[in-house]
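These figures come from a predicted structure and were not determined experimentally. Below, chains carry the letters A, B, ... as their sequence lines are ordered, and counting in each starts from 1.
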Amino acid sequence: MLYGRMPAPVRVRIAPSPTGDPHVGTAYIALFNYVFAKKHGGQFVLRIEDTDQTRARADSEQMIFEALRWCGLSWDEGPDVGGPYGPYRQSERSAIYRDHANILLDKGAAYRCFCTEDRLAKLRVQQQAMKASRFGYDRHCRDLDPADARARAAAGEPHVIRLKMPVEGTIAFTDMLRKEPVVREAAESDDQVLLKSDGMPTYHLANVVDDHLMKISHVVRAEEWISSTQKHVVLYDAFGWEKPQFAHMPLLRNADKSKISKRKNPVSINYYRDTGIFPQALLNFLATMGWSFGGDREKFTLDEMVSVFSWDRISLGGPVFDLAKLQHLNEQYLHEMSNEQLADALVAWRLNRDFLTRVVPLVRTRIKKLDEFLPRAEFVFTGDVDYTPVMTELRGACGQDVPAERLSAALLDFVERFEAREGFAAPALEELGRTWAEANGWKVGQAFMLLRIATTGRTASPGLFETMVVIGKEIVRRRIRQCAALLAPPKAPKAK
RNA sequence: GGCCCCAUAGUCUAGCGGUUAGGACGUCGGCCUCUCACGCCGAAAACUCGGGUUCAAGUCCCGAUGGGGUCACCA
């Protein structure tokens, strides 16, 4: 090149972890990565961060693919589409991480640590008790003789590999969205585990190694990562690699400003799909969370966003995810559709043969004529439910003497219980429901009535758990939570 | 608690030294209308506080306060 170095091509990535339902925050960050890549003719990479074998869920990865595609975001490289820098699933890259951990060991930038989980747990408790100003690993193994450590490891002693953080000086990095560099004392960070005892890397090692190997030019991720970035900087430097540019996006928030969570908001992309939100409306809405189009424009397409996108229109205050505003935007999209398009949308949503085939078995024995179908199955086609007509039955479902707070807590507990296990199938739900009823000391019939009213808004319904499955996990979760909140409004946040 | 990030109406935001502080959601009122909804018109509603810098501060600087994040062999 005669005129100097060409700017490195823009390569960005979204790196979801397949631990549950496809999260709206994943779509949010994916959107900005995608838009930035397209704006600069770069590539958008999808990488699956499945290094935690205890949390990985079998169906989660596929759901992430589908949800992102449903949103209208497509990736240039990824586990399912391949690409020149694969594999794109971290669980298939263990050897790479191990090699790199060894490089760090050789350089003296990392060390083997033989501390047991037990010791670390005690340490943590101790620090809490002492109200220590600094928490974290005490560097117990940092000064072990490397040769001894190697020998112990070779003898099969379980261990992890930790990063040797500098003990003095400051570490700074620039963030594209902030005018001042983010600076921190190096000693503020403890010696983070890089390679776990099962041989898998932690996020810190894996993301740095992969971003470098995959030639990622810009790391656009959520603000919750900002405080671990220092560790990543140390890693890049230890390897002698050039660092990517960082942009830490604000976190989506609940109405109370805390980080968005499923306890306070529907966070699964599937909820929005099942509830009839259009993907372009969801994306449009997400785009307005922290970014503005310019002028008074707030309705725009993905392509329009790409064409005008720039980082300087990001605002960093954590945006509250406001369902009402999303619905308004969706309404705009809906109204501009033709009757034919709207009819098609309805069909694609739930008024189709496939979906009806799932509803029919629920109600067929309960109707005499076809015209009774819809009244019998109405709650399968609605989002939120109005409980006012059944308040009396709801409060009395488990006996007149049971206080509303107790019912509310039990409902929330039921949600926690199905949340804790994989899948959402009727037999398992029923079993779960029975043990839940028993735990509450309620007759199964009574307890199920409580659930029935909460999930359908009716005192009469088809088989409860079959109905839940058809309605869908996301909507069921929201209805039960809303019902619980109605029974016992959540207390105002306690003062500290 | 340590550290870091952030700060315009209830909410999303515009503003990039001089504005009657603009738009949108939501709320309330009115018009339209067989009802409802849409649509249209209108209203209430914000620069967290205190110091600087400057002729001039929502805009720049410092501090306080408030909110958030993070301190795992989770990402």
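A:K259 has a side-chain polar atom (N or O) that falls below the 4.0 Å cut-off from OP1 or OP2 of B:U70. For A:R253 and B:C5, the shortest distance from a side-chain N or O to OP1 or OP2 is not below 4.0 Å. Taking 4.0 angstrom as the limit, A:S258 places none of its side-chain polar atoms (N or O) nearer than this to OP1 or OP2 of B:G68. Distances shown here put a side-chain N or O of A:K196 below 4.0 Å from the OP1 or OP2 atom of B:A75. For B:C5, neither phosphate oxygen OP1 nor OP2 lies less than 4.0 angstrom from any side-chain nitrogen or oxygen of A:R178. In this model, the phosphate group of B:G66 is not approached by any side-chain N or O of A:K257 to a distance below 4.0 Å at OP1 or OP2.
Contacts between residues 16-39 of chain A and RNA chain B, defined by a heavy-atom separation below 4.0 Å, involve A:S17, listed by number. Listed by residue number, A:D322, A:A324, A:K325, A:H328, A:E331 are the residues of residues 322-335 of chain A with a heavy-atom contact under 4.0 Å to RNA chain B. Applying a 4.0 Å cut-off to non-hydrogen atoms, the residues of residues 42-56 of chain A that approach RNA chain B are A:E49, A:T51, A:D52, A:R55, listed by residue number.
Here A:R119 lies out of heavy-atom contact (under 4.0 Å) with every strand. When heavy atoms are screened at a 4.0 angstrom cut-off, A:M200 is found touching no nucleic acid atom at all. Within the nucleic acid shown, A:G290 comes within 4.0 Å of sugar-phosphate atoms alone, with no base atom in reach, counting heavy atoms only. The residue A:V160 sits close to a base: some heavy atom pair falls under 4.0 Å. Contact annotation for A:K231: no contact, since no heavy-atom pair falls under 4.0 Å across all strands. Across all strands, A:P158 comes closer than 4.0 Å to no nucleic acid atom at all (heavy-atom distances).
Applying side-chain hydrogen bond (donor to acceptor under 3.5 Å, both in side chains) to A:Y97 and the options A:D210, A:T51, A:T202, A:N102 leaves one that passes, A:D210. For the ring pair (Phe, Tyr, Trp, His ring centres under 6.0 Å) with A:W291, the lone residue among A:F36, A:F300, A:Y28 that qualifies is A:F300.
Note that A:K243 lies outside the cation-pi zone of A:F246, set by a 6.0 Å cut-off to the ring centre and a 45° limit from the axis.
Ranked by how close their nearest RNA chain B nucleotide is to the 5' end, A:G136 and A:P181 are led by A:P181. Checking A:V183 against A:L195, the closest nucleotide of RNA chain B that is more toward the 5' end is the one next to A:V183.
Using atom C1' as the reference point in both B:U8 and B:A14, the two lie 10 Å apart (nearest Å). Nucleotides B:G39 and B:U20 are separated by 29 Å at their C1' atoms, to the nearest Å. Annotation: B:A7 and B:C62 have their P atoms spaced 13 Å apart (nearest Å). The same atom, C1', is picked in B:C3 and in B:U11; the two are 30 Å apart, to the nearest Å. Taking the C1' atoms as reference points, B:G26 lies 24 Å from B:G68, given to the whole Å. When the P atom is used for both B:C61 and B:G17, the distance is 12 Å, rounded to whole Å. A gap of 12 Å separates the C1' atoms of B:A46 and B:U13, to the nearest Å.
No hydrogens or angles considered: a donor-acceptor pair under 3.5 Å links the side chains of A:T229 and A:R221. When only modelled atom types and interatomic distance are considered, A:Y203 and A:E49 share no side-chain donor-acceptor pair under 3.5 Å. A side-chain donor-acceptor contact under 3.5 Å links A:Q192 and A:K231. Side-chain contact of A:R13 with A:N207: a donor-acceptor pair under 3.5 Å is present, judged by distance alone. Donor-acceptor pairing under 3.5 Å is recorded for the side chains of A:S261 and A:N254.
Checking B:U13, B:C4, B:A75 against every side-chain atom of A:S292, the shortest atom distance belongs to B:U13. The listed nucleotides are B:G2, B:C4, B:C60; the one nearest the side chain of A:I226 is B:C4.
Contacts of A:D138 classified as salt bridge (Lys or Arg N to Asp or Glu O under 4.0 Å), with partners at least two apart in sequence or in another chain: A:R119. With sequence neighbours left out, the salt bridge (Lys or Arg N to Asp or Glu O under 4.0 Å) criterion links A:K196 to no other residue.
Remark: B:A21 base-pairs with no nucleotide in the shown strands. Criterion, Watson-Crick or G-U wobble with two distances under 3.5 Å.
Contact record, A:P279 with A:W70: CB-O, 3.1 Å, taken as the closest heavy-atom pair.
One N or O donor and one acceptor, one from the side chain of A:S197 and one from the base of B:C73, sit under 3.5 Å apart.
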Enumerate, atom names and distances included, each donor-acceptor pair closer than 3.5 Å involving a side-chain atom of residues 158-168 of chain A, sequence neighbours excluded.
| from | atom 1 | to | atom 2 | distance (Å) |
| --- | --- | --- | --- | --- |
| A:H159 | ND1 | A:E157 | O | 3.0 |
| A:R162 | NH1 | A:D191 | O | 2.7 |
| A:K164 | NZ | A:G108 | O | 3.4 |

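Heavy-atom contacts from other residues, nucleotides or ligands closer than 6.0 Å to CZ of A:R184 number more than 12.
Taking the six-membered ring where tryptophan is involved, the planes of A:W241 and A:F239 are essentially parallel, since the angle between them stays under 30° and well short of 60°.
For the pair A:D198 CG and B:C73 P, the interatomic distance rounds to 12 Å; values are reported in whole Å.
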